[in-house]
Number of protein chains: 2
Amino acid sequence: MSDALAQHIERFVSIPKDDIANIATYFKKLHLKKKENLLAEGKVCNSNYFVENGLLRLFYVKDNGTEQTTHFAMENWWLTDYNSFAAQKPATFNIQAVEKSDVLALSYTAQEKLLREYPILERYFRLIHQRAHAASQFRIRWLYDLSKEQAYNDFCNAYPEFVQRIPQYLLASFLGFTPEYLSEIRAKRKS
Amino acid sequence: MSDALAQHIERFVSIPKDDIANIATYFKKLHLKKKENLLAEGKVCNSNYFVENGLLRLFYVKDNGTEQTTHFAMENWWLTDYNSFAAQKPATFNIQAVEKSDVLALSYTAQEKLLREYPILERYFRLIHQRAHAASQFRIRWLYDLSKEQAYNDFCNAYPEFVQRIPQYLLASFLGFTPEYLSEIRAKRKS
DNA sequence: CGATTTTTTGAATCATATCAACGTACGTGG
DNA sequence: CCACGTACGTTGATATGATTCAAAAAATCG
C-alpha cells in the first residue's frame, strides 16, 4: 500500500500497526499513464480510488460533445463516481488520469469485506465523506457566487501550483467557461 | 424522537428495539415557526438537524445584500453547515425554517457520545454522507450543465409538489437567478 | 523539422442582470 | 370581516458578461 494511505487513515482513526499490512491486501495498486482511463460512462464503477501521486479528473461529455470536468483528485484524495459506486449502477461520469499516476483501487466488494473486518474504518470513511460533504457545500456556494473572472482569479490565488500543473483548456472546463474566454481574462490581467 | 428518525436509521442499519429509546435521548426536539432561525452566520454551528416535517433552507448573504439559498432540507433530510459543525468554527451559512417545522437537533458533543456508545451509527452516518456526496456530484454537474431556463424546467418536472410549496423568489434564488428572470421564463412558458 | 495540440484574437450574438415602476395578494389589527 | 400595509410578482428598457465561430499564432511532441 506504500505509506500514503496508511498515513492518511491514521490522520483520522488509530489502527494497530499489524492491521495495516492486512488492510493493504484489500487494495489493488494501479499505474496509469497520462490520459489513461479508469472509468467510462455507462460502465458500472466498481472501485473507489485513492491517489498516491499524480492527478485524476472526473468529467462527463456534454450534448455538444465537449468534455466537462467537474472534479480533480490529487495526492491523498479519494475519487469515484459515487452514484455509480454506491448503488453499483452504470456511471454517468468518466475518470481519467491527467498525469502519470499511482492509484490504489478499492473494489466495491473488497470495501464491504474490509468494513466488516475493520468496523473502525466505517468511521474513517464517515469522516472522509463528511469532509467531502462540507467541501461540496463550499464548492456549490462558490459556483453560485463568483463571476467567471473572479472564479479564475480566486482559483489561481488558492492553488497556484495546481494551475501550473494542468493545461488551460482543462482549467477553463473545470471553472465552467470556454478556453477563449480564459484567454481574454488573462490578456486583461496582464495589462 | 417520534418514528421518523428511527425508521430512517433502520433503512441503513439494524438497531435493537431497546436501543432506539436510548438513542432518542441524545436528540433535542425543536418546534420552529415559519422564518425562525436555527443558525446565523458567524456563530458556531453546534448541531446537526434532522427534519421530521416542514422545510429548512441553508443560505448565505451575498455582497450586494441578497440572500442566496444553496440547499433545502425537507422531511427525513439532515442539514447543517458541515464546515462549521465538523470543525466547530464559525458558520458561513444561515439556516432558517421556510415553513413551520419539527426538527431533531443532535449537538456536536451529543453526536460524539452517541457514536462512542453505538459505533454502528458510524456506518449510518457514513452512508448518509456518502449519499450526500453522491448527490453533490450530480448537483454540481447540474449547475455546470443547465442554462437557467433549463434548470427551471427540469426542477419543475422533477419536484412539482415542492415548487408549489415555496415562494417564487426562493425558487429563483435556489436556481441561481433573479425573480425577474423567473417571471420572464414563466411568461414565455405559457405562450 | 513537420504535425498536431493548445492558446489567442476579434466580431457577432445571446442569456441573464439591473433598475424602476406598477400590479396583485395576502395576513394582521382594528 | 374588512381595509390597509407590506411582501410578492410582473413588465419593459437598457446594460453586460460570456458564448460562438472562424482563423491565426504559439507551443509541444514525435
Side-chain angles (χ1 to χ4, degrees), chain A residues 33-37 55 57 59 61-69 72 96-100 141-156 162-191, chain B residues 32-37 55 57 59-70 72 96-100 142-156 162-191:
Chain A
K33 283 185 289 198
K34 187 170 175 172
K35 305 221 171 178
E36 197 169 340
N37 257 69
L55 179 62
R57 70 183 179 115
F59 70 96
V61 178
K62 297 209 276 190
D63 291 347
N64 67 17
T66 62
E67 298 179 350
Q68 178 62 57
T69 299
F72 288 108
Q96 192 187 54
V98 176
E99 311 170 345
K100 181 167 169 306
R141 175 179 187 147
W142 192 81
L143 286 170
Y144 276 106
D145 223 18
L146 273 51
S147 74
K148 309 290 172 166
E149 188 171 348
Q150 282 175 302
Y152 174 71
N153 289 325
D154 276 28
F155 194 80
C156 287
F162 184 76
V163 171
Q164 305 295 65
R165 216 164 135 180
I166 59 171
Q168 280 189 45
Y169 69 94
L170 267 190
L171 179 59
S173 163
F174 178 71
L175 294 176
F177 49 82
T178 58
E180 291 94 326
Y181 193 57
L182 176 49
S183 258
E184 204 179 315
I185 297 172
R186 286 164 60 90
K188 205 194 292 185
R189 238 191 166 196
K190 269 181 221 148
S191 57
Chain B
L32 303 171
K33 285 186 288 199
K34 188 170 173 173
K35 304 221 170 174
E36 199 170 339
N37 257 70
L55 179 62
R57 70 182 180 114
F59 70 97
Y60 65 94
V61 178
K62 298 208 276 190
D63 291 346
N64 66 17
T66 63
E67 297 179 350
Q68 177 62 56
T69 299
T70 63
F72 288 109
Q96 192 187 53
V98 176
E99 310 170 346
K100 183 168 169 305
W142 192 81
L143 286 171
Y144 275 106
D145 222 16
L146 272 53
S147 76
K148 309 291 172 166
E149 188 170 350
Q150 282 176 303
Y152 174 71
N153 288 326
D154 275 28
F155 195 79
C156 287
F162 184 76
V163 170
Q164 306 294 65
R165 214 164 138 180
I166 59 170
Q168 280 188 45
Y169 69 95
L170 269 189
L171 179 59
S173 163
F174 178 71
L175 294 176
F177 48 83
T178 60
E180 291 95 325
Y181 192 58
L182 176 49
S183 260
E184 203 179 316
I185 296 173
R186 285 163 59 90
K188 204 196 291 184
R189 237 191 168 194
K190 271 184 219 143
S191 56

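Quick note on labels: first sequence line is chain A, next is B, and so on, each numbered from 1. Worth knowing before you read on, the calculation uses all heavy atoms, side chains too, and leaves out hydrogens, waters and symmetry mates.
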Can you label the angle between the A/F174 ring and the B/Y144 ring as parallel, tilted or perpendicular, going by 30° and 60°? tilted

Side chains of B/K148 and B/L175: does their closest heavy-atom pair fall under 4.5 Å? no

Any B/F59 side-chain heavy atom under 4.5 Å of B/L170 side chain: no

Round to a whole Å and report the spacing from [atom1] of [X] to [atom2] of [N].
{"X": "A/E184", "N": "D/dC21", "atom1": "CD", "atom2": "C1'", "value": "14 Å"}
{"X": "A/N64", "N": "D/dT20", "atom1": "CG", "atom2": "P", "value": "7 Å"}
{"X": "B/K188", "N": "D/dG12", "atom1": "NZ", "atom2": "P", "value": "14 Å"}
{"X": "B/R186", "N": "D/dC8", "atom1": "CZ", "atom2": "P", "value": "15 Å"}
{"X": "B/E180", "N": "D/dA13", "atom1": "CD", "atom2": "P", "value": "15 Å"}

For A/S183 and B/F177, take the nucleotide of DNA chain C holding the closest heavy atom to each; which residue's nucleotide lies nearer the 5' end? A/S183

Using a 3.5 Å distance criterion without hydrogens, assess whether the side chain of B/S173 forms a donor-acceptor pair with backbone atoms of B/T69. yes

Quick check: does any side chain N or O of A/Q68 sit under 3.5 Å from a backbone N or O of A/V61, one acting as donor and the other as acceptor? no

Name the nucleic acid region contacted by B/K35, choosing base, sugar-phosphate or nothing; use a 4.0 angstrom heavy-atom cut-off, strictly under. sugar-phosphate

Counting the atoms with a prime plus P, OP1 and OP2 as sugar-phosphate, which does A/Y181 contact under 4.0 Å by heavy atoms, base, sugar-phosphate, or nothing? base

Interface limits on DNA chain C, where chain B has a heavy atom under 4.0 Å of a nucleotide atom: C/dA15 to C/dC19

So which atom in B/Q96 and which in B/N37 form the shortest heavy-atom distance, rounded to 0.1 Å? NE2-OD1, 3.5 Å

What are the two closest non-hydrogen atoms of A/C156 and A/V163, and how far apart are they? CA-CG2, 4.0 Å

For this output row, return yes or no: ring centroids of A/Y152 and A/F177 closer than 6.0 angstrom. no

Nearest-0.5 Å distance, CD of residue A/Q164 to CG of residue A/L171: 10.5 Å

With each end axis built from five pairs of C1' atoms, what bend angle do you get for the helix from C/dC1-D/dG30 to C/dA21-D/dT10? Round to 10°. 50°

Check ion pair B/R57-B/E67 (N to O, under 4.0 angstrom): yes

What residues in residues 162-170 of chain A put a non-hydrogen atom under 4.0 Å from any atom of DNA chain C? A/P167, A/Q168, A/Y169

Counting heavy atoms not belonging to B/K100, are there more than 12 under 6.0 Å from its NZ? no

